[in-house]
Amino acid sequence: MTSHSGHGFGEIEIPMEKRALNHHTLFSIVIPLFNEEEVLDALFERLTALVARLPVRAEVILVNDGSRDRTLEIATRRVLADPVFRLVDLSRNFGHQMAVSAALSLVRGQVVAILDADLQDPPELLLPMLERWSAGIDVVYGQRRQRKGETPFKKLSASIFYRILTHLSSTDIPRDTGDFRVMDRKVVDALVKMPEHRRFLRGMIAWLGFRQEAFLYDREPRAAGETKYPLRKMIRFSLDGIFSFSMKPLRWMAILGFWMTLFGFLWVLFWVVTRLLFPEIFLPGIATTLATIGLLFGINFFFLGILGEYIGLIFLNVQGRPHFIIREVICAAAEEASPPDGNTHELL
Ligand code: UDP
Ligand code: MG
């Protein structure tokens, strides 16, 4: 058996370590929650049924990412009734990727899964995914065969985004994958150590390497509630993916700038020569001048915007603020020690 990252050595296949699936194995399931009150009951039912069927021990770490509805209240009640669950309450909304990062910094299992709260990624699939982990795969990422219940606009924009990202980035970020995946402890440890502030987790995990394999599945429609990714957040998330995984836009600015300068120079030369040699066809041309200035200013500001994105990334990383702040960790057992300080990379 080989994985897609190709650890085969010519024709010789390096055997992969087998990992046990029994009660000595702890499996951590990480779930971010933002205003998910409608879906919580269904989520807890499905997870409790799944945990009972698993051949391994499990812990579920829910993160309340500053919800403004009754998510915290409902989840707290559920968590206090079942020691399998722990609830991490963040001090405010830090965003999906930070909420997942917060949970990843707390997991204790040898194998870890990331799941969305809305049951779009069926939790039952974690069982066959665990089996792939047990066969020696380090990252089993869910790859969508089809996206039920998603708008044509979302499908089209996702497809364009992944095309641009694949073209721009030297990291091979798989298409049609979200954060739904099962990962080995080694991968989680490496991920938590990455200090960057704009966390595009699916890209960061692809960048890490290890033995990665796709797990094809059909994505369900959201079980209840509405998407927590409005267009504005989706654009922000896509830009994070592009700017933290590619420096090509900077290079393009330089290349285009060079050609435009050359063109501008020839343009001036052309008019000077025309003025001197053929004064009868020389046009004062206010309209063309304004159009040219408008175009050049447009390009200039666009480039300034691109520069600004990279400077913003540098700024965020230099500030070095914690990635998230934990208000409280809620669990049935009183075993929880003081929560970490939110600087994921300092936890290890
Ligand atoms: N989420 C979060 N913080 C946010 C936005 C979303 O923790 O600021 C969680 C949300 O509760 C869900 C997951 O991230 O568990 C994915 O969000 P959603 O299903 O709304 O995204 P979509 O599937 O529509 O892309
Ligand atoms: Mg969803």
Side-chain angles (χ1 to χ4, degrees), residues 29-44 46-47 60-75 78-79 85-106 113-123 125-126 141-162 165 175-181 197-203 217-241 323-327 342 344:
I29 305 174
V30 161
I31 307 176
L33 305 173
F34 177 59
N35 295 344
E36 298 287 8
E37 60 179 7
E38 290 105 326
V39 87
L40 273 185
D41 283 331
L43 176 69
F44 274 89
R46 288 271 286 275
L47 284 173
V60 179
I61 294 160
L62 300 153
V63 183
N64 176 37
D65 186 20
S67 299
R68 289 179 272 271
D69 64 358
R70 292 174 55 237
T71 299
L72 179 62
E73 183 192 329
I74 301 170
R78 291 284 198 150
V79 163
F85 295 93
R86 276 192 294 164
L87 176 61
V88 180
D89 187 25
L90 298 186
S91 63
R92 62 169 169 85
N93 178 259
F94 281 86
H96 177 203
Q97 302 288 295
M98 285 305 189
V100 171
S101 302
L104 290 177
S105 70
L106 290 169
I114 305 176
L115 193 67
D116 279 356
D118 57 6
L119 299 169
Q120 279 195 284
D121 310 317
L125 296 181
L126 291 177
Y141 56 88
Q143 190 162 42
R144 297 148 193 179
R145 254 196 302 249
Q146 50 173 287
R147 296 157 163 245
K148 287 185 216 159
E150 282 187 0
T151 59
F153 174 74
K154 183 139 189 179
K155 286 183 200 172
L156 180 71
S157 55
S159 143
I160 293 174
F161 166 66
Y162 277 105
L165 189 61
R175 293 176 58 89
D176 288 326
T177 52
D179 292 318
F180 181 45
R181 57 193 63 219
H197 272 254
R198 287 276 178 223
R199 298 181 88 71
F200 186 69
L201 290 173
R202 59 200 69 167
Y217 75 109
D218 296 324
R219 200 153 204 242
E220 297 296 324
R222 204 173 220 285
E226 308 236 293
T227 175
K228 305 302 177 295
Y229 264 96
L231 186 62
R232 183 179 46 81
K233 271 199 208 169
M234 248 169 62
I235 293 175
R236 181 68 260 163
F237 183 57
S238 311
L239 291 179
D240 283 349
H323 293 159
F324 49 83
I325 306 283
I326 295 177
R327 199 177 71 85
T344 34

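These numbers come from a predicted model, not from an experiment. Start at 1 and go down the list; that is how both ligands and their atoms are numbered.
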I'd like to know if the side chain of [X] and the backbone of [Y] have a donor-acceptor N/O pair within less than 3.5 Å.
{"X": "Asp41", "Y": "Phe44", "result": "no"}
{"X": "Ser67", "Y": "Asp69", "result": "no"}
{"X": "Asp65", "Y": "Gly95", "result": "yes"}

For Arg70, enumerate each residue passing the salt bridge (charged side-chain N to carboxylate O under 4.0 Å, His left out) test, keeping only those at least two apart in sequence or located in another chain.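 Partners of Arg70 by the salt bridge (charged side-chain N to carboxylate O under 4.0 Å, His left out) criterion, ordered by chain and then number, come out as Glu73.
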Within less than 2.8 Å, report the number of protein N/O/S atoms around the Mg ion (ligand 2).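 That number is 2, waters not included.
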Heavy-atom closest contact (Arg86 atom, Val79 atom, distance):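 Residues Arg86 and Val79, closest heavy atoms: CA-CG1, 4.1 Å.
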Grab the two heavy atoms, one from Ala117 and one from Glu36, that are nearest each other, plus how far apart they are.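 So the two residues come closest at CB-CG, 3.9 Å.
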Using 30° and 60° as the class limits, which term best fits the ring planes of Phe200 and Phe237: parallel, tilted or perpendicular?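 Taking Phe237 first and then Phe200, their aromatic rings sit tilted (interplane angle of 30° to 60°).
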Who are the ring-ring contact (aromatic ring centres under 6.0 Å, His included) partners of Phe161, not counting sequence neighbours?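 Counting only residues at least two positions away or on another chain, Phe161 forms no ring-ring contact (aromatic ring centres under 6.0 Å, His included).
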Which protein residues come within less than 4.0 angstrom of ligand 1, counting heavy atoms only?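 These residues qualify: Pro32, Leu33, Phe34, Glu36, Asp65, Asn93, Gly95, His96, Asp116, Ala117, Asp118, Gln120, Lys154, Arg219, Arg222, Thr227, Lys228, Tyr229, Lys233.
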Under the 6.0 Å and 45° cation-pi test, does Arg92 pair with Phe94?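 Yes, Arg92 sits over the ring of Phe94.
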